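These notes are about the structure you will find just below.
Bear in mind that the values here come from a model prediction, so they are computed numbers and not experimental data. Index from 1, following the sequence.
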Amino acid sequence: MSKHGFRVCFFFSRRFRTNAAEAPEDVKMMFNKYSKHGTMNIDQLRTFLEEIQGETSETKAEDIFNSLKHLNIFQRRGLYLEDFFRYLLGDLNLAFPHCQGVYQDMGAPLSHYYIFTGHNSYLTGNQLCSKSSVTPIIRALKRGVRAIELDLWPTSKNNSIEVRHGRTLTSPVSLIKCLRAIKDHAFTASEYPVVITFEDHLTPELRKKVAKMVNETFEDMLYVPELEDLNKLRSPESLKKRVLISTKPPKNKKGESTKEKPSTDKQRDIADDDIWGSVRPQEDVDEDDLEEDEDEDVAVPEYRKLIAIHAKKKKPGLNLQALLNDTESVSRLSLSEQALEKATKDYGRDIVRFTQRNLLRVYPKGLRLDSSNYNPMLGWTHGAQMVAFNMQGYGKYLWIMQGMFRGNGGCGYIKKPDFLLNNLDHKPSNSRSSSSTMIRRLTIKVYMGEGWNSEFGLSHFDFYSPPDLYVQIGIVGVRDDTTTERTATIQDQWVPVWNAKFSFSISTPELALLRVIVRDHDTSGKDDFAGQTCLPVKELRSGIRAVPLYSKRGEKYKHVKLLMSFEFE
């Protein structure tokens with residue numbers, strides 16, 4: 001136990017005792033049950049691991065003993081209560097182990113997976129006036145993002161290509177720098193394929209330059225499909241360490257103006273609204289932006305043959321349902337978040353059926369100038385593989401996205417639930433899980449937390465006292481599963497003890513995420529952020545576990561963690 005002083009004014013200060021982390025009563029009971037005479041030997045630890053933690057590894061008990069050998073446990077022939085408690089809070093006892101690796105079947109077509117997807121991946125900040133750079137691209141790839149978006153525009157002299165957000169004040173970055181950054185960092189976090197989506201605003205001559213840049217940069221890493229491969233999508237397993245290009249195949253008219261058109265998101269928003277028959281007369285959009293021409297003379301074959309996944313847009317006069325039911329070719333379709341919301345009301349089943357064979361990309365609406373994000377669950381529950389997010393900010397929806405893709409070893413690909421891949425003539429798209437490993441209820445106990453006094457300064461939360469911490473905990477998933485609870489607030493404690501128990505019913509565990517946020521209660525204003533995490537429910541380990549917390553920007557804290565228990569039914 002230590003004391004910390006907080007100066008209130010020139011002559012007075014307040015002093016608070018900081019209690020050392022102490023084993024909760026449940027931990028003491030477990031230790032007493034599985035130990036003898038105050039010491040737990042390696043065989044007793046192995047029994048605890050099998051019966052309570054559900055771990056059957058032959059070497060896990062030995063690994064734990066080796067990790068604690070600095071405490072002279074070999075001379076003592078076992079663990080004391082404090083040793084056992086430190087193990088429970090340590091990195092060998094995580095609720096979500098990072099070393100689990102890829103475990104899902106990766107041999108199905110790309111359309112059977114959710115893909116970690118970025119939006120305007122080159123922007124460092126907002127969508128209106130921030131800087132374009134390779135830094136956010138590199139950061140995204142290091143975090144496991146597998147789909148990078150680049151908007152291609154001519155330079156002012158029309159002699160080269162730059163990447164920028166069109167018709168905004170954002171600064172450009174050269175295309176070649178972006179391509180080289182992707183090559184250098186594509187497979188740092190995952191060996192599974194990277195998809196580069198081009199939003200193409202170029203002339204035929206500049207497309208030839210793009211083709212040359214792409215070929216020379218990626219060489220054997222580039223996947224160039226054979227003609228017969230364009231009618232099917234290959235698997236992530238077969239495309240390991242390969243880079244794929246996805247864009248609309250060029251079919252430009254001769255003499256087409258290179259005058260800059262409305263920005264991509266604005267074009268797409270107009271096209272999406274046109275699906276519903278609404279008109280925006282104030283926007284002057286050339287129909288060539290919305291449909292493919294048939295003049296092949298300037299189609300740039302060297303550019304076209306690089307396109308592994310063809311993107312398509314709605315032609316004027318063709319409704320969305322007809323586009324979704326087009327079975328002639330495999331393609332990628334893009335819809336804004338608003339268009340998806342409208343489409344799911346009338347064509348939900350058609351969207352799910354479309355995504356069984358094709359790719360659907362959803363992107364933020366154009367009004368999100370602050371690079372905020374939207375709820376990804378609507379896209380995921382309708383089979384959308386590429387729910388594109390602005391990765392440069394933070395917030396609850398980005399935390400959900402990061403939590404989803406912590407699954408399956410963080411490889412950037414998550415297998416979609418079976419009910420989104422089955423025959424929809426017999427199974428509605430909103431049906432519940434058909435997983436062979438059923439989870440109907442998750443019971444959680446939040447025991448305590450520690451590490452804030454090591455991670456932050458004494459006055460980080462309050463100038464005059466230690467923090468008043470509480471935990472918000474809940475499930476994010478399909479509508480029936482989504483709920484949030486909270487613990488009591490523990491006042492003036494760096495090591496809060498809550499001992500709060502919660503139970504959550506779960507109908508669709510494949511899409512269920514555990515969301516945890518710790519806050520410091522502030523009576524005079526907004527509660528302060530004190531850590532968060534979001535984890536896939538299906539990959540949580542049962543038993544008493546340590547749960548590390550992350551910053552707003554998704555960076556793991558060195559010291560801050562919770563001790564919780566998980567019980568599945």
Side-chain angles (χ1 to χ4, degrees), residues 117-143 145 147-186 194-203 205-214 216-218 243 245-248 257-270 283 285 289 334 336 361 363-373 388-395 398 552-555:
T117 303
H119 171 256
N120 289 352
S121 305
Y122 49 87
L123 288 180
T124 58
N126 65 59
Q127 303 289 308
L128 187 61
C129 59
S130 66
K131 181 182 177 182
S132 299
S133 169
V134 299
T135 300
I137 296 174
I138 295 171
R139 186 183 300 119
L141 290 170
K142 286 183 175 180
R143 290 190 173 183
V145 172
I148 299 293
E149 181 186 29
L150 302 178
D151 290 357
L152 309 185
W153 293 89
T155 57
S156 58
K157 295 182 179 180
N158 282 330
N159 60 355
S160 191
I161 306 99
E162 60 189 18
V163 174
R164 58 184 167 85
H165 196 195
R167 295 196 71 175
T168 66
L169 300 177
T170 57
S171 66
V173 60
S174 69
L175 173 61
I176 191 62
K177 286 185 178 180
C178 295
L179 297 179
R180 288 171 179 168
I182 294 171
K183 178 187 178 181
D184 292 342
H185 300 278
V194 168
V195 180
I196 305 176
T197 60
F198 287 157
E199 288 296 338
D200 180 353
H201 305 266
L202 303 175
T203 63
E205 286 303 314
L206 289 179
R207 287 180 185 133
K208 292 178 183 179
K209 289 190 175 184
V210 172
K212 184 178 180 182
M213 285 183 192
V214 169
E216 292 180 350
T217 300
F218 296 111
V243 172
I245 303 298
S246 177
T247 189
K248 179 182 172 183
S257 172
T258 59
K259 180 179 68 175
E260 191 168 289
K261 299 167 187 173
S263 68
T264 301
D265 284 348
K266 191 174 289 186
Q267 287 182 29
R268 290 182 294 198
D269 284 342
I270 296 165
E283 300 285 359
V285 180
D289 295 341
S334 290
S336 70
R361 182 176 181 272
Y363 59 89
K365 61 185 177 183
L367 294 177
R368 295 191 181 276
L369 300 178
D370 59 351
S371 293
S372 60
N373 288 300
F389 261 38
N390 296 307
M391 300 292 177
Q392 63 270 46
Y394 58 86
L398 185 55
K552 286 182 177 181
R553 296 194 175 276
E555 297 163 350

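Taking CG of Leu398 as the reference point, atom NZ of Lys552 lies at 13.0 Å (rounded to 0.5 Å). In this structure, the separation between NE2 on His201 and CG on Leu152 is 7.5 Å, given to the nearest 0.5 Å. Atom CG of Asn126 sits about 10.5 Å away from atom NE2 of His165, to the nearest 0.5 Å. Atom CH2 of residue Trp153 and atom CG of residue Asp200 lie 10.0 Å apart, to the nearest 0.5 angstrom. Here the straight-line distance linking atom CG of Leu202 with atom CD of Glu162 works out to 10.0 Å at 0.5 Å rounding. From Asp370, atom CG reaches atom OG of Ser130 across 11.5 Å, with rounding to the nearest 0.5 Å.
With sequence neighbours excluded, no residue forms a side-chain hydrogen bond (donor to acceptor under 3.5 Å, both in side chains) with Ser160. Scored by the side-chain hydrogen bond (donor to acceptor under 3.5 Å, both in side chains) test, Asn390 finds His119, Gln127 as partners (sequence neighbours excluded). For Phe198, there are no ring pair (Phe, Tyr, Trp, His ring centres under 6.0 Å) partners at least two apart in sequence or on another chain. Remark: Ser246 pairs with Arg332 by the side-chain hydrogen bond (donor to acceptor under 3.5 Å, both in side chains) rule, at least two apart or across chains. Looking at residues two or more places apart in sequence or on another chain, you find a side chain to side chain contact (heavy atoms under 4.5 Å, CB included) between Ala147 and Ile115, Thr117, Val195, Met386.
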*Leu175 and Lys209: CA distance, side-chain angles, deciding distance, side-chain contact (heavy atoms from CB on, under 4.5 Å) verdict*: CA-CA 10 Å; Leu175 173 61; Lys209 289 190 175 184; over 6 Å; no
*Can you check side-chain contact (heavy atoms from CB on, under 4.5 Å) on Ile196 and Phe218, steps first, answer last?*
CA-CA 12 Å; Ile196 305 176; Phe218 296 111; 3.8 Å; yes
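Ser132 has its side chain within reach of Leu123: a pair of non-hydrogen atoms, C-beta onward, lies under 4.5 Å apart. Arg361 places a side-chain heavy atom less than 4.5 Å from the side chain of Glu149.
Thr170 approaches Cys129 most closely through the heavy-atom pair CG2-N, 3.9 Å. Of all heavy-atom pairs spanning Val194 and Leu141, the tightest one is CG2-CD2, 4.3 Å. Scanning both residues, Leu206 and Ile161, for their nearest heavy atoms gives O-CD1, 3.8 Å.
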With a cut-off of 3.5 Å and sequence neighbours excluded, list every side-chain donor-acceptor pair involving residues 133-140.
from: Ser133; atom 1: OG; to: Thr135; atom 2: N; distance (Å): 3.0
from: Ser133; atom 1: OG; to: Thr135; atom 2: OG1; distance (Å): 3.2

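Enclosure of atom CZ in Arg180 is not indicated, since only 12 or fewer non-hydrogen atoms of other residues, nucleotides or ligands lie within 6.0 angstrom. No more than 12 heavy atoms of other residues, nucleotides or ligands lie within 6.0 Å of NZ in Lys131, so this atom counts as exposed by the packing criterion.
A donor-acceptor pair is defined here as one N or O able to donate and one able to accept, closer than 3.5 Å; no such pair exists between the side chain of Ser372 and the backbone of Arg368. Gln392 contributes a side-chain N or O that, together with a main-chain N or O of Gly125, makes up a donor-acceptor pair within less than 3.5 Å.
For Tyr363 and Asn120, the side-chain atoms include no donor-acceptor pair closer than 3.5 Å.
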